[in-house]
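Below, chain A is the first sequence line, B the second, and so on; all start at residue 1. Quick caveat: nothing in here was measured; it's all calculated off a predicted structure.
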Amino acid sequence: MCGGAIVETEAYLHDDPACHASRGLTKRNRVMFGKPGHGYVYLIYGFHFCVNAVCRPAEAVLIRAVESTFGATQMLARRPVGKARELTNGPGKLCQAMSITRELDGVDLCNEQSELYIVENVDVKKFRKEKGPVITTTRVGITKAATLPLRFYLAGSDYVSKR
DNA sequence: GGTAAGATTGTCT
DNA sequence: GACAATCTTACCG
């Protein structure tokens, strides 16, 4: 068991050229056309995995950074790093640390019996208060629709990938 | 059947 | 700051 608070996300909308689902259903993005609440996991650049939470049909939120709150020992075993923040301050990094792979593509994120799931609890609310306001900026690492303000992160978190 | 590009990261300068 | 590593998918012929 390991986990943490999501501190950085990006949104991908159905009419957004940067969204994998914008050009219709394919083998890779089929999960995005399924039921909302499921996880979309894919391999990028042949090296790293990225996780998304499907929110509406053909629309998803990319999880870019997590601040680990428990199970950090296990995560460090999978991803040995010097500084704690290096553990999960990037979409590919957090997938390695939490052993998120393509096997989890399509997982039900709303079911606490799943290998991977997302919940909102009182600690998260307190965490958000401590970490300050949510900053909205442009998305990172994309070439299409790069100016849309669809990236969100907590101003006070050390685990945000880029400022 | 071939090829170009990608929602990244780590390493070297 | 620049660049290589490495592979799946999408698109064209």
Just list the side-chain donor-acceptor pairs under 3.5 Å for residues 92-101 of chain A, sequence neighbours left out, or say none.
unit_1, atom_1, unit_2, atom_2, d
Lys93(A), NZ, Asn89(A), OD1, 3.1
Gln96(A), OE1, Arg79(A), NH1, 2.9
Thr101(A), OG1, Glu103(A), N, 3.2

Under the side chain to side chain donor-acceptor pair (under 3.5 Å) test, which residues partner Tyr40(A), sequence neighbours left out? His20(A)
Should side-chain heavy atoms under 4.5 Å link Ile, Leu, Val, Met, Phe, Trp and Tyr, which residues sit in the same cluster as Leu13(A)? Leu148(A), Leu150(A)
Would you jot down, in residue-number order, the residues of residues 74-96 of chain A having a non-hydrogen atom under 4.0 Å from DNA chain B? Arg79(A), Gly90(A), Pro91(A), Gly92(A), Lys93(A)
Phosphate OP1/OP2 of dG6(B): any Thr143(A) side-chain N/O under 4.0 Å: yes
Trace of the side-chain contact (heavy atoms from CB on, under 4.5 Å) decision for Val61(A) with Glu10(A): CA-CA 6 Å; Val61(A) 171; Glu10(A) 283 178 5; over 6 Å; no
Side chains of His14(A) and Met32(A): does their closest heavy-atom pair fall under 4.5 Å? no
Taking side chain to side chain contact (heavy atoms under 4.5 Å, CB included) as the test, write out the residues that go with Arg23(A), two or more places apart. Lys144(A)
Is there a donor-acceptor pair under 3.5 Å between the side chain of Ser114(A) and the backbone N or O of Asn111(A)? yes
Secondary-structure notation, DNA chain C, from Watson-Crick and G-U pairs under 3.5 angstrom (| other strand): |||||.||||||.
Over all atoms of both residues, closest heavy-atom pair of Tyr117(A) and Asp108(A): CB-O, 4.4 Å
DNA chain C-proximal residues of residues 13-44 of chain A, any heavy atom under 4.0 Å: Arg23(A), Thr26(A), Arg28(A), Leu43(A)
List for me each residue that meets salt bridge (charged side-chain N to carboxylate O under 4.0 Å, His left out) alongside Arg151(A), sequence neighbours excluded, and say none if there are none. Glu8(A)
Taking the six-membered ring of Phe127(A) as reference, does the cationic atom of Lys129(A) (NZ for Lys, CZ for Arg) lie under 6.0 Å from its centre and within 45° of its axis? no
Please say whether more than 12 non-hydrogen atoms of neighbouring residues, nucleotides or ligands are located less than 6.0 Å from CZ in Arg163(A). yes
Does Arg139(A) have any salt bridge (charged side-chain N to carboxylate O under 4.0 Å, His left out) partners at least two apart in sequence or in another chain, and if so, which? Asp16(A)
Taking the six-membered ring of Tyr159(A), is NZ or CZ of Arg85(A) closer than 6.0 Å to its centre and within 45° of its axis? no
Round to the nearest Å and state the distance from Lys162(A) atom NZ to dA7(B) atom C1'. 12 Å
What contact category does Arg102(A) fall into here, base, sugar-phosphate, or nothing, at under 4.0 angstrom with non-hydrogen atoms? sugar-phosphate
Which two nucleotides bound the region of DNA chain C that has atoms under 4.0 Å from heavy atoms of chain A, read 5' to 3'? dA5(C) to dC11(C)
Search all heavy atoms of Asp123(A) against all heavy atoms of Asn121(A) and return the closest pair with its distance. N-OD1, 3.0 Å
Atom pair distance, as rounded to whole Å: OH in Tyr45(A) and P in dT8(B): 5 Å
Which part of the nucleic acid does Arg139(A) contact within heavy-atom distance under 4.0 Å: base, sugar-phosphate only, or nothing? nothing
Got a sec? Which of residues 46-61 of chain A come in under 4.0 Å of DNA chain C, heavy atoms? Gly46(A), Phe47(A)
Side chains of Cys2(A) and Arg78(A): closer than 4.5 Å at any heavy-atom pair? yes
Sequence neighbours excluded, which residues qualify as side chain to side chain donor-acceptor pair (under 3.5 Å) partners of Thr26(A)? Asn29(A)
According to the 5.5 Å centroid and 30° plane-angle thresholds, does Tyr12(A) stack upon the nucleobase of dA7(B)? yes
